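Ligands are counted one by one from 1 in listed order, and the atoms in each one are counted from 1 as well. Model, not experiment: these values are computed from the prediction.
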Amino acid sequence: MGATILGLETSCDETAAAVVRGHGVMCSLLHSQHEVHGKFGGVVPELASRRHVEKVEAVLRAAMDGAGARWSDLDAVAVTRGPGLAGALLVGVSVGKALAYALGIPLIGVNHLEGHIVSAWIEQPDFPMPCVVLVVSGGHTHLFLASPDGSYELLGRTLDDAAGEAFDKGAKMLGLGYPGGPAIDRLAREGDARRVRFPRPHLRSGSLDFSFSGLKTSLLYYLRDAKRAGRSPVIADVAAGYQEAIVEVLVEKAFAAVRRCRVGALAVVGGVSANSRLRALLHERASERGVRMVLPSLTYCTDNAAMIAASGHRLFLRGQFADWDLEADADLALTEELGPGATCNPV
Ligand code: KG4
Ligand code: ZN
């Protein structure tokens, strides 16, 4: 049946708790703060921490109730320890630590990025390794080679903005709401990407690194030039063209990594993997090239605690527990400190 792990996630603007037993998710809940930050056009760190403090107890009790779990059923508490917003992380780490200490069970510190990676295996526990993993979120755009021993090799990463940031900043310029990814995704369905073509940054460089800041500038200039010329572009077409540029680069690089590593499997995870155009193009390319692919369900793409609990379960089986002096680490890295191409053990 496996161990029962409570997972807590408070690294950004979702207060999330989940209970997993073995490979099964018993309950995964979250309180989203999008309405708090929406009017500011982005996450306000101080407001995020305060809202986590207000909501964390209710969310965690609801997840325990939803799972039908008693405190005595828990084998460990897993909590996101970084990367993320320092004050926000501190809330989850403090609660997780207090709970594990009071219950006399191990505390497990989880790297948020590893949580996203592990989300690929929540619904497909048999998905093969080694495989290439593309992590695309608000803060990260990374390509890893994941090995069965739990190590990750960094293959490429963004040199500037993350893909989610490109969506969020682009949406702001287009006058759409926060978070921008879902807003562009929705609007782009009504537009025609062929009418407005944006550059595909870094596509032909042969490198597996990404760069999205130039694309953002292209959008800025496009909108400025249109305004100067007295033109009113169809915003849905602009959104579709902008989205297409991001998506094409992500898909091309992901499959280039699969080719280069000579593996037949690709996992795509993180908030941006919820994008409908990205999902469609990935499926198309995977079936053309005979690559086995996993894309988590939408609830497991964006931040959630099931991925933290699932990641905690892996670490529990390896006996990798945290000390009571575990601290939140806003800049926690998975492999980056060793530089591209390096291999190290997670967390
Ligand atoms: O993984 P996530 O929930 O949080 C981080 O760890 O950053 O990712 C959030 C990011 C945001 O930038 C958001 O705009 C983007 O994921 N996102 C999307 C979609 N849903 C969320 N981007 C494009 N299309 C979507 N449907
Ligand atoms: Zn995330």
Side-chain angles (χ1 to χ4, degrees), residues 7-16 18 28 30-34 37-38 41-43 45 48 79-85 88-89 92 110-120 122 133-142 157-158 161-174 176-189 191 193 210 212 215-216 239-240 242-251 267-282 295-308 310-311 330-332 334:
L8 291 173
E9 154 62 39
T10 64
S11 68
C12 191
D13 59 351
E14 323 279 7
T15 315
S28 178
L30 60 80
H31 167 79
S32 173
Q33 304 179 1
H34 289 171
H37 305 287
V43 180
V79 61
T80 306
R81 70 177 182 110
L85 301 170
L89 287 164
V110 176
N111 183 309
H112 182 81
L113 229 60
E114 192 179 20
H116 275 302
I117 293 173
V118 170
S119 72
I122 291 179
V133 185
L134 172 65
V135 185
V136 268
S137 69
H140 296 88
T141 301
H142 284 46
R157 57 180 299 181
T158 181
D161 292 348
E165 232 173 321
F167 271 107
D168 293 337
K169 290 177 179 170
K172 209 167 183 175
M173 285 184 235
L174 292 170
L176 307 173
Y178 176 83
I184 290 189
D185 191 349
R186 270 192 306 275
L187 189 62
R189 284 177 216 160
F210 302 85
F212 291 109
L215 176 63
K216 190 182 63 189
Y242 186 73
Q243 171 178 271
E244 197 67 16
I246 300 173
V247 164
E248 208 178 293
V249 173
L250 293 176
V251 172
V268 184
V269 299
V272 176
S273 67
N275 183 269
S276 61
R277 177 63 188 146
L278 176 62
R279 294 173 85 88
L281 204 59
L282 282 168
L295 281 169
S297 301
L298 299 189
T299 45
Y300 297 138
C301 290
T302 42
D303 286 350
N304 65 89
M307 69 185 195
I308 302 305
S311 191
D331 303 313
L332 184 67
L334 196 58

Among protein heavy atoms, which lies nearest [atom], and at what distance?
atom                    : value
atom 3 (O) of ligand 1  : Asp303 N, 2.9 Å
atom 18 (C) of ligand 1 : Gly181 CA, 3.5 Å
atom 10 (C) of ligand 1 : Gly138 N, 3.5 Å
atom 14 (O) of ligand 1 : Asp168 OD1, 2.7 Å

Relative to ligand 1, is Asn275 under 4.0 angstrom through side chain, backbone, both or neither, heavy atoms considered?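 For Asn275, the contact with ligand 1 is made by both the backbone and the side chain.
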Please classify the Thr302 to ligand 1 contact at 4.0 Å (heavy-atom distances, strictly less than): side chain, backbone, both or neither.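 Both backbone and side chain.
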Quick one: which ligand 1 atoms are inside 4.0 Å of a heavy atom on [X]?
X      : value
Gly164 : 12 (O)
Gly139 : 7 (O)
Gly271 : 1 (O), 2 (P), 8 (O), 16 (O), 17 (N), 18 (C), 19 (C), 20 (N), 21 (C)

Could you check whether any heavy atom of [X] sits closer than 4.0 Å to an atom of ligand 1, since that is the contact criterion I want to use?
X      : value
Cys12  : no
His116 : yes
His112 : yes

Arg277: which residues meet the salt bridge (charged side-chain N to carboxylate O under 4.0 Å, His left out) condition with it, sequence neighbours left out?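 So Arg277 forms a salt bridge (charged side-chain N to carboxylate O under 4.0 Å, His left out) with Glu244.
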Testing the basics here: between Gly180 and Ala171, what is the closest heavy-atom pair and its distance to 0.1 Å?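 In this case the closest contact between Gly180 and Ala171 is CA-CB, 3.3 Å.
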Any side-chain heavy atom of [X] sitting closer than 4.5 Å to one from [Y]?
X      : Y      : value
His34  : Pro182 : no
Thr80  : Thr10  : no
Phe210 : Leu250 : yes
Asp303 : His112 : yes
Lys216 : Glu165 : no

Yes or no on side-chain contact (heavy atoms from CB on, under 4.5 Å) for Asn304 and Glu9, after CA distance, side-chain angles and deciding distance? CA-CA 7 Å; Asn304 65 89; Glu9 154 62 39; over 6 Å; no
Tyr242 side chain to Ala166 backbone, donor-acceptor under 3.5 Å: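 Judged by distance alone, yes, a pair lies under 3.5 Å.
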Return yes if some donor-acceptor pair links the side-chain N/O of Ser137 with the main-chain N/O of His140 below 3.5 Å, else return no.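 Looks like yes, one N/O pair under 3.5 Å.
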Under 3.5 Å between some N or O of ligand 1 and some N or O of Ser276?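 No, there is no polar N/O contact under 3.5 Å.
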Under the side-chain hydrogen bond (donor to acceptor under 3.5 Å, both in side chains) rule, collect the residues that match up with Thr141, sequence neighbours excluded.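 Thr141 satisfies side-chain hydrogen bond (donor to acceptor under 3.5 Å, both in side chains) with no residue once adjacent residues are dropped.
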Could you check which of Leu298, Asp185, Leu278, Val269 puts a non-hydrogen atom nearest to atom 26 (N) of ligand 1?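 Looking at heavy atoms only, the winner is Asp185.
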What protein atoms of element N, O or S are positioned under 2.8 Å from the Zn ion (ligand 2)?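 Protein N/O/S atoms under 2.8 Å of the Zn ion (ligand 2): His112 NE2, His116 NE2, Asp303 OD1.
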Quick test of your reading of the model: are Arg189 and Asp185 salt-bridged, counting only N-O distances below 4.0 Å?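 So Arg189 pairs with Asp185 through a salt bridge.
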Suppose we screen for side-chain contact (heavy atoms from CB on, under 4.5 Å). Which residues come up paired with Ala267, at least two apart in sequence or across chains?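 side-chain contact (heavy atoms from CB on, under 4.5 Å) check on Ala267 returns Ala120, Phe127, Val133, Val294.
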